Amino acid sequence: MTDSLPTHKYGFRVAYQETDGQRRVHHANYLNYFERGRVEMLRDLGHNYKTIEDDGRMLVVAEMNVKYFAPAEFDDWLELTTTVVEIRKVRMRHLYQIHRGDQLIVEADSVIACVDRTGKLARLPNLETR
């Protein structure tokens with residue numbers, strides 16, 4: 001997987017319950033969008049996150065940095081691009097960008113660590129495309 005790190009695109013519409021009193025996406029909901037992007041990327045690579053957990057490993061957020069550029073609003077169609085930018089033995093780094101059309105709404109990067117059921121660092125599962 002380190003030769004060609006994956007990029008995944010995921011389109012979705014902003015739901016009313018994801019917004020605040022001004023019909024703008026509440027800032028905390030972007031974290032949920034990023035999680036959805038990671039899970040769907042794994043699925044498209046032929047992996048099931050539930051199976052990874054059933055095998056005793058969890059992929060947990062160790063770091064998240066978010067930059068907001070413009071508000072997204074109720075009923076907007078957004079496209080989330082999730083890119084794996086680095087893979088190490090027990091962690092990986094992702095870059096996220098959410099666009100409304102050509103406009104960049106938010107950008108983030110994360111470090112995801114792999115832990116076992118006791119919370120100890122564990123080797124990442126083999127996430128190569130199946």
Side-chain angles (χ1 to χ4, degrees):
M1 185 180 208
T2 54
D3 291 339
S4 61
L5 299 175
T7 293
H8 179 266
K9 293 190 182 284
Y10 179 76
F12 61 97
R13 189 166 304 282
V14 174
Y16 187 76
Q17 71 271 13
E18 297 168 334
T19 63
D20 58 19
Q22 292 81 44
R23 295 189 318 185
R24 293 183 170 170
V25 173
H26 186 274
H27 67 277
N29 282 309
Y30 290 99
L31 301 179
N32 293 322
Y33 298 155
F34 304 146
E35 180 84 27
R36 195 179 316 167
R38 289 191 307 274
V39 169
E40 293 304 323
M41 174 185 277
L42 281 172
R43 187 181 324 279
D44 282 357
L45 291 171
H47 301 278
N48 182 309
Y49 186 72
K50 185 177 178 193
T51 302
I52 293 171
E53 284 191 344
D54 289 348
D55 289 342
R57 290 183 271 192
M58 284 143 295
L59 304 175
V60 298
V61 176
E63 182 179 329
M64 180 68 72
N65 302 293
V66 184
K67 295 178 187 172
Y68 302 95
F69 299 103
E73 299 183 354
F74 167 63
D75 213 35
D76 280 351
W77 181 259
L78 303 178
E79 184 173 71
L80 166 61
T81 303
T82 305
T83 304
V84 176
V85 295
E86 179 184 43
I87 298 177
R88 301 277 181 153
K89 291 179 184 177
V90 298
R91 67 179 172 86
M92 62 183 138
R93 184 177 294 277
H94 294 84
L95 173 66
Y96 314 88
Q97 290 186 323
I98 296 180
H99 286 86
R100 178 180 49 231
D102 292 334
Q103 183 181 25
L104 179 62
I105 301 294
V106 64
E107 184 173 74
D109 65 90
S110 68
V111 174
I112 306 298
C114 184
V115 297
D116 65 16
R117 287 189 173 111
T118 68
K120 280 183 68 176
L121 289 172
R123 184 175 283 280
L124 282 166
N126 181 358
L127 300 176
E128 291 188 22
T129 305
R130 288 186 179 172

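Note that the structure is predicted; figures quoted are calculated from it, not measured.
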Would you say the side-chain atoms of [X] pair up with the backbone N or O of [Y], donor to acceptor, closer than 3.5 Å?
{"X": "Q103", "Y": "R100", "result": "no"}
{"X": "Y49", "Y": "L59", "result": "yes"}
{"X": "R57", "Y": "R123", "result": "yes"}
{"X": "D76", "Y": "L78", "result": "no"}

For residues 45-55, pull every pair meeting salt bridge (Lys or Arg N to Asp or Glu O under 4.0 Å), keeping only residues two or more places apart or in separate chains.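 Passing the test, one end in residues 45-55: no pairs.
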
Would you call the rings of Y33 and F12 parallel, tilted or perpendicular, where under 30° means parallel and over 60° means perpendicular?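 If you compare the ring of Y33 with that of F12, the planes turn out tilted.
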
What pair of heavy atoms forms the shortest contact from [X] to [Y], and how long is it?
{"X": "A122", "Y": "D116", "answer": "CB-N, 3.9 Å"}
{"X": "A15", "Y": "T19", "answer": "O-CG2, 3.8 Å"}
{"X": "M41", "Y": "P6", "answer": "CE-O, 3.7 Å"}
{"X": "A70", "Y": "I105", "answer": "O-CG2, 3.0 Å"}
{"X": "G37", "Y": "H8", "answer": "O-ND1, 4.1 Å"}

Look at the side-chain heavy atoms of Ile, Leu, Val, Met, Phe, Trp and Tyr, link any pair under 4.5 Å apart, and say whether [X] and [Y] land in one connected group.
{"X": "I52", "Y": "V115", "result": "yes"}
{"X": "Y10", "Y": "V14", "result": "yes"}
{"X": "V84", "Y": "V111", "result": "no"}
{"X": "F69", "Y": "Y30", "result": "no"}
{"X": "L80", "Y": "L45", "result": "yes"}

Just to verify, what does R23 make a salt bridge (Lys or Arg N to Asp or Glu O under 4.0 Å) with, not counting sequence neighbours?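 Expected list: none.
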
Identify, with sequence neighbours excluded, every residue that meets salt bridge (Lys or Arg N to Asp or Glu O under 4.0 Å) alongside E107.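 E107 satisfies salt bridge (Lys or Arg N to Asp or Glu O under 4.0 Å) with no residue once adjacent residues are dropped.
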
Out of curiosity, [X] [atom1] to [Y] [atom2], how far, rounded to the nearest 0.5 Å?
{"X": "R93", "Y": "L5", "atom1": "CZ", "atom2": "CG", "result": "13.0 Å"}
{"X": "H94", "Y": "E35", "atom1": "NE2", "atom2": "CD", "result": "10.0 Å"}
{"X": "K89", "Y": "C114", "atom1": "NZ", "atom2": "SG", "result": "14.0 Å"}
{"X": "R43", "Y": "R36", "atom1": "CZ", "atom2": "CZ", "result": "11.5 Å"}

With respect to K9, which candidate in T81, T82, D44 satisfies the side chain to side chain contact (heavy atoms under 4.5 Å, CB included) definition?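 Between K9 and the candidates, side chain to side chain contact (heavy atoms under 4.5 Å, CB included) is satisfied uniquely by T81.
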
Would Y96 and R38 count as a side-chain contact (heavy atoms from CB on, under 4.5 Å) if you check the C-alpha gap in whole Å, the side-chain angles of each, and the deciding distance to 0.1 Å? CA-CA 9 Å; Y96 314 88; R38 289 191 307 274; 2.8 Å; yes

State, yes or no, whether a side-chain contact exists between [X] and [Y] at a heavy-atom distance under 4.5 Å.
{"X": "M58", "Y": "R117", "result": "yes"}
{"X": "R91", "Y": "L124", "result": "no"}
{"X": "I98", "Y": "F34", "result": "yes"}

Quick test of your reading: applying side chain to side chain donor-acceptor pair (under 3.5 Å), list the pairs with at least one residue in residues 63-74, sequence neighbours left out, ordered by first then second residue.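 Listed by first then second residue: E63-N65, N65-D109.
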
Among residues at least two apart in sequence or on other chains, which ones pass side chain to side chain donor-acceptor pair (under 3.5 Å) with Q22?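 Applying side chain to side chain donor-acceptor pair (under 3.5 Å) to Q22 gives none.
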
Criterion side-chain contact (heavy atoms from CB on, under 4.5 Å) on L31 and V61, from CA distance to verdict: CA-CA 10 Å; L31 301 179; V61 176; over 6 Å; no

Remaining members of the apolar cluster that contains W77, side-chain heavy atoms under 4.5 Å: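 Reading the cluster by chain and number, W77 sits alone, since nothing else belongs.
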
Mind running side-chain contact (heavy atoms from CB on, under 4.5 Å) on H99 and L104 for me, showing each step along the way? CA-CA 5 Å; H99 286 86; L104 179 62; 3.8 Å; yes

